[in-house]
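This report refers to the structure that appears directly beneath it.
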Amino acid sequence: MKPIELNLTVNGRDETVTIPPNRTLLEMLREDLQLTGAKEGCGHGECGACMVVLNGRTVNSCLVLAAETAGANVVTIEGLKHGDTLHAVQQAFVEKSGMQCGFCTSGQVLAAKAMLDEIPEPTPQQIRDGMAGSFCRCTGYTKIFEAVETAATLLKARRKARA
Ligand code: FES
Ligand code: FES
């Protein structure tokens, strides 16, 4: 298969990659751009470990062909913090120990951020529903849900401080 050249923006940087046309977005991020935060769990769009933000919406990057992302804006877990300051969701996962092995964590954090962007003050059920596409084999989910609740509180405080 003839390689294709692709231009896109990843975490605010313009990138050009030359890749086989059948490469997934996940493979391109990990293998061509060395952004290894997104993980391959199931490889079939079921677990959320490979989640990234594509043009403002979360996607399972194992299901997206890199070739479809020409000109797109992609944000990965590596692009979430501002300078040395963790995003509130990242900080909350650290504070609440919302991870064990960490394999699912980048997907969990991005899923939580996307949900909190839409529902800034979610109920416990809305948190469970919003995180339903992100599987974890280690934590039993309680710590993850607590981290999302804490993230909502931190984000509220940060909004207040900016107002
Ligand atoms: Fe993509 Fe599981 S690896 S959803
Ligand atoms: Fe290990 Fe979630 S922390 S899979």
Side-chain angles (χ1 to χ4, degrees), residues 1 4 6 8-11 15 17 19-81 86-119 122-155:
M1 272 182 283
I4 56 169
L6 191 66
L8 75 165
T9 303
V10 181
N11 297 334
E15 302 281 4
V17 289
I19 55 169
N22 61 350
R23 180 152 291 198
T24 66
L25 174 58
L26 176 62
E27 290 167 337
M28 183 192 74
L29 291 169
R30 290 181 58 83
E31 293 168 28
D32 298 289
L33 298 177
Q34 283 73 53
L35 295 169
T36 55
K39 302 286 191 285
E40 180 163 1
C42 64
H44 300 295
E46 310 249 330
C47 73
C50 63
M51 193 172 288
V52 301
V53 180
L54 173 61
N55 292 331
R57 302 193 61 172
T58 50
V59 295
N60 287 326
S61 59
C62 69
L63 291 185
V64 178
L65 271 180
E68 294 174 305
T69 66
N73 187 8
V74 175
V75 179
T76 69
I77 193 70
E78 290 90 346
L80 208 56
K81 66 180 180 148
L86 290 179
H87 188 279
V89 178
Q90 293 172 305
Q91 189 181 327
F93 269 71
V94 173
E95 282 180 15
K96 290 292 171 182
S97 302
M99 77 291 282
Q100 286 184 21
C101 79
F103 194 84
C104 70
T105 307
S106 66
Q108 301 280 2
V109 167
L110 290 171
K113 180 195 175 296
M115 186 198 55
L116 293 171
D117 285 346
E118 272 191 34
I119 310 173
T123 64
Q125 189 58 49
Q126 284 173 319
I127 291 175
R128 284 170 181 267
D129 293 345
M131 301 298 290
S134 294
F135 297 175
C136 178
R137 289 177 296 183
C138 307
T139 63
Y141 296 99
T142 302
K143 293 283 185 190
I144 290 174
F145 297 152
E146 285 176 10
V148 180
E149 275 180 33
T150 299
T153 305
L154 287 173
L155 283 165

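For the single chain, residues carry numbers from 1 onward in sequence order. Whatever order the structure lists them in is the order used to number ligands and atoms, beginning at 1.
- Close contacts between ligand 2 and Gly102 involve ligand atoms 1 (Fe), 3 (S) [criterion: under 4.0 Å to a heavy atom].
- Note that the CG atom of Asn22 and the CE atom of Met1 stand 3.5 Å from one another [nearest 0.5 Å].
- Of all protein heavy atoms, the one closest to atom 3 (S) of ligand 2 is Gln100 N, 3.3 Å.
- Remark: the Gln125 side chain and the Thr123 side chain contain no N/O donor-acceptor pair separated by less than 3.5 Å.
- Taking 4.5 Å as the limit, every side-chain heavy atom of Cys104 sits out of range of all side-chain heavy atoms of Phe135.
- Checking Cys138 against atom 2 (Fe) of ligand 2, every N/O/S atom stays at or beyond the 2.8 Å cut-off.
- Among all protein heavy atoms, the one lying closest to atom 4 (S) of ligand 2 is Arg137 N, 3.3 Å.
- Counting non-hydrogen atoms of other residues, nucleotides and ligands closer than 6.0 Å to CD of Glu118 gives a total of 12 or fewer.
- Close contacts of ligand 2 with Cys101, meaning ligand atoms under 4.0 Å from a residue heavy atom, involve 1 (Fe), 3 (S), 4 (S).
- At least one N/O/S atom of Cys104, whether from backbone or side chain, sits less than 2.8 Å from atom 2 (Fe) of ligand 2.
- Contact check for Thr24 versus Cys62: no side-chain heavy atoms found under the 4.5 Å cut-off.
- Listed for the Ser106 side chain is no donor-acceptor partner under 3.5 Å among the backbone atoms of Ile77.
- Residues Gly107 and Met51 approach most closely at O-SD, 3.8 Å, considering heavy atoms.
- Between Met115 and Gly130, the shortest heavy-atom distance links the atoms SD-CA, 3.7 Å.
- Only protein N, O or S atoms were considered, and those under 2.8 Å from atom 1 (Fe) of ligand 1 are Cys50 SG, Cys62 SG.
- In this structure, Asn73 contributes its side chain and Asn55 its backbone to no donor-acceptor pair below 3.5 Å.
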